There are 2 protein chains.
Amino acid sequence: MVTIRVLVADDQEAAREALRLILNGEPDIDVIATAVDGAEAVHQALLRRPDVVVMDLRMPGMDGIAAIDRLTAAESAPRLLALTTFDLDEYLFGALRAGAAGFLLKDSDPDVLIAAVRELHQGRGLIDPQVTGRLISRFAALSPRPATPELDLLTPREHHVLRLLARGMSNGEIAAACTIEEGTVKTHVNRILTKLGLRTRVHAAIYAYEHGIVTRDAP
Amino acid sequence: MVTIRVLVADDQEAAREALRLILNGEPDIDVIATAVDGAEAVHQALLRRPDVVVMDLRMPGMDGIAAIDRLTAAESAPRLLALTTFDLDEYLFGALRAGAAGFLLKDSDPDVLIAAVRELHQGRGLIDPQVTGRLISRFAALSPRPATPELDLLTPREHHVLRLLARGMSNGEIAAACTIEEGTVKTHVNRILTKLGLRTRVHAAIYAYEHGIVTRDAP
DNA sequence: CGGGTCGTCCACCTTTCGATAGATCCTTGC
DNA sequence: GCAAGGATCTATCGAAAGGTGGACGACCCG
């Protein structure tokens, strides 16, 4: 049997010990270290190389989210399970954005916590059922609208020009990229604006972003 | 006990009947209708007003995602549980973006399906544990980077101008909104570009989007 | 074949934008 | 007090963007 090496980070003595006892009660889980704040968690994690870090989000000094941010940036980063008493969107979204692989509220059963650690260790993610709905809503809100029928109005050339425009290129740069005259690009831009009912190239760039024609660069 | 009214939509006869049997086996669940494709599902849902719709994603004609899109646009929309055999990102993300409240793979246990229907009926969301990790990854990728230290460089006025700019307003419009001269706005824009290391207002708008200074409008 | 539509291209003219220099006000520290 | 620095404001000028008109070729259809 493979032993899962776990680091527990929580500023409250009682919670820290409770977590340690719960997890150490399992034969396949070994709490190899604990930390009382984010800074110590980062230090211990880099030193001891746990498989999974159970991280309280609300801690003095460097908080849990900042610590998660640091740890996921490291090489061979551990799997991060965010844990919190307070069910705030800011914690949920912040932790996931920072790179947490799991999110649990502290009122969960010990069994759920144990199962969560195992899930994470096997490469899967885990979201507390109480907050899954909100994650889904937020995800839907963040997702680009699919291409609308309006985009069919654009010719291939116009579509290409729109993508370059939305990356911040000037008419001159677009012209160079397409090997055509700048005056021609202006016409294309103009037709794009007309067809999509927009006023300036800034609107066109926004449109491209909101419709997923261009995507945010990978971090 | 409240009875949960369920609509089952699946193009395959066998799957449809299996789902019906599983769900009708529960005393608090009543499958009130079935549908063989997306179009019929939409029609039946609007007619029979189920609490929960169990929707197969891969169906001929109007597929499940399109049907979900239609149904969530309706008033007093039912809760939508997306179900699929094929574990494709396109299905997962597409269904959630369209408005599904839950996503399950078809190899799940009957008990899981039943529990999912109850969860959805109680207003919660549900994601198959097998795909939770991917949803989290995608969510993190979509989430705007938190405000970078660079933003501290911007004065309140400049920050405000940036937000208006990123909504497509011209210098003149920004001037009117702030009750200052257009020439002044130009200076603010110029300082924004300088401080953030950008070249044109289009870059500034892109920057604002990528850093979550402005958010996509609600659909 | 001839006419219509569409995509692509270019040139001219006006408006808007971007860069620069300088003025005023307010805070901060010596 | 007053000097230094920053924030906010204004004005001017060359550069870029946007609006309009029109040319050319490809294609479809009667």
Side-chain angles (χ1 to χ4, degrees), chain A residues 146-214 217, chain B residues 146-214 217:
Chain A
T148 62
E150 285 172 329
L151 276 185
D152 295 345
L153 296 173
L154 297 187
T155 67
R157 196 54 139 183
E158 288 161 356
H159 196 270
H160 187 222
V161 168
L162 174 57
R163 292 203 332 201
L164 298 180
L165 186 162
R167 289 174 51 194
M169 294 173 69
S170 70
N171 289 338
E173 289 166 338
I174 296 173
C178 299
T179 2
I180 55 180
E181 290 305 306
E182 181 176 336
T184 308
V185 176
K186 291 188 180 185
T187 305
H188 288 316
V189 171
N190 204 286
R191 294 183 69 82
I192 291 168
L193 298 181
T194 302
K195 285 183 178 179
L196 300 181
L198 307 171
R199 283 187 12 246
T200 75
R201 67 199 296 109
V202 177
H203 289 113
I206 294 171
Y207 183 96
Y209 261 78
E210 302 212 328
H211 291 77
I213 295 167
V214 296
D217 295 338
Chain B
T148 61
E150 287 172 330
L151 275 186
D152 295 345
L153 296 174
L154 297 188
T155 67
R157 197 54 140 182
E158 288 161 357
H159 196 269
H160 187 221
V161 168
L162 174 56
R163 291 204 334 202
L164 298 180
L165 186 161
R167 289 173 51 193
M169 292 172 69
S170 69
N171 290 338
E173 290 166 338
I174 295 173
C178 299
T179 2
I180 56 179
E181 291 305 305
E182 181 175 337
T184 308
V185 176
K186 292 187 178 183
T187 304
H188 289 316
V189 171
N190 204 289
R191 294 183 69 82
I192 291 168
L193 298 181
T194 303
K195 286 182 177 177
L196 300 181
L198 307 172
R199 286 194 0 255
T200 74
R201 65 198 298 109
V202 177
H203 288 114
I206 294 171
Y207 182 97
Y209 261 78
E210 301 212 328
H211 291 78
I213 295 166
V214 294
D217 295 336

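Numbered from 1 within each chain, the chains take letters A, B, ... in sequence-line order. What you see is a predicted model; the values in this text were computed from it and never measured.
- Counting 5' to 3', DNA chain C first comes under 4.0 angstrom of a heavy atom of chain A and last does so at the ends given by C:dG7 to C:dA11.
- Atom-to-atom distance recorded for B:Leu162:CG and B:Arg201:CZ is 10.5 Å, nearest 0.5 angstrom.
- Qualifying side-chain contact (heavy atoms from CB on, under 4.5 Å) partners for A:Leu198, counting only residues two or more places apart in sequence or in other chains: A:Leu193, A:Leu196, A:His203, A:Ala204, A:Tyr207.
- Under the 4.5 Å side-chain criterion, counting only non-hydrogen atoms from C-beta, B:His188 is not in contact with B:Leu165.
- Every side-chain contact (heavy atoms from CB on, under 4.5 Å) that A:Glu173 has, sequence neighbours left out, goes to A:Met169, A:Ser170, B:Arg199.
- By the side-chain contact (heavy atoms from CB on, under 4.5 Å) test, B:Arg191 is found to be paired with B:Glu158, B:Thr187, B:Lys195, residues two or more places apart in sequence or in another chain being considered.
- Applying the salt bridge (charged side-chain N to carboxylate O under 4.0 Å, His left out) test to pairs two or more places apart or on separate chains, none has a residue in residues 175-189 of chain A.
- Put simply, B:His188 has a side-chain N or O that comes within less than 4.0 Å of OP1 or OP2 on D:dC9.
- Judged as a side-chain contact (heavy atoms from CB on, under 4.5 Å), and not counting sequence neighbours, B:Ala176 has no contacts.
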What's touching nucleotides 23-28 of chain D from the protein side, N or O pairs under 3.5 Å?
none

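- Contact between A:Ala177 and A:Leu164 at its shortest, heavy atoms only, is CB-CD1, 4.2 Å.
- The end-to-end axis angle of the helix from C:dC1-D:dG30 to C:dC30-D:dG1, rounded to 10 degrees and based on five pairs per end, is 30°.
- A pairwise comparison of heavy atoms in A:Gly168 and B:Thr200 identifies O-OG1, 4.4 Å as the closest pair.
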| Tell me, for nucleotides 17-22 of chain D in 5' to 3' order, what letter each nucleotide earns: B for a base near a protein heavy atom under 4.0 Å, S for only sugar-phosphate near one, - for neither? | BBBB--
| task | Evaluate side chain to side chain contact (heavy atoms under 4.5 Å, CB included) for A:Thr184 paired with A:Cys178, printing each intermediate quantity in order. | result | CA-CA 10 Å; A:Thr184 308; A:Cys178 299; over 6 Å; no
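- In plain terms, the two heavy atoms of A:Ala166 and A:Ala208 that are nearest each other are CB-CB, 3.5 Å.
- The side-chain hydrogen bond (donor to acceptor under 3.5 Å, both in side chains) check on A:Arg163 picks up nothing, with sequence neighbours excluded.
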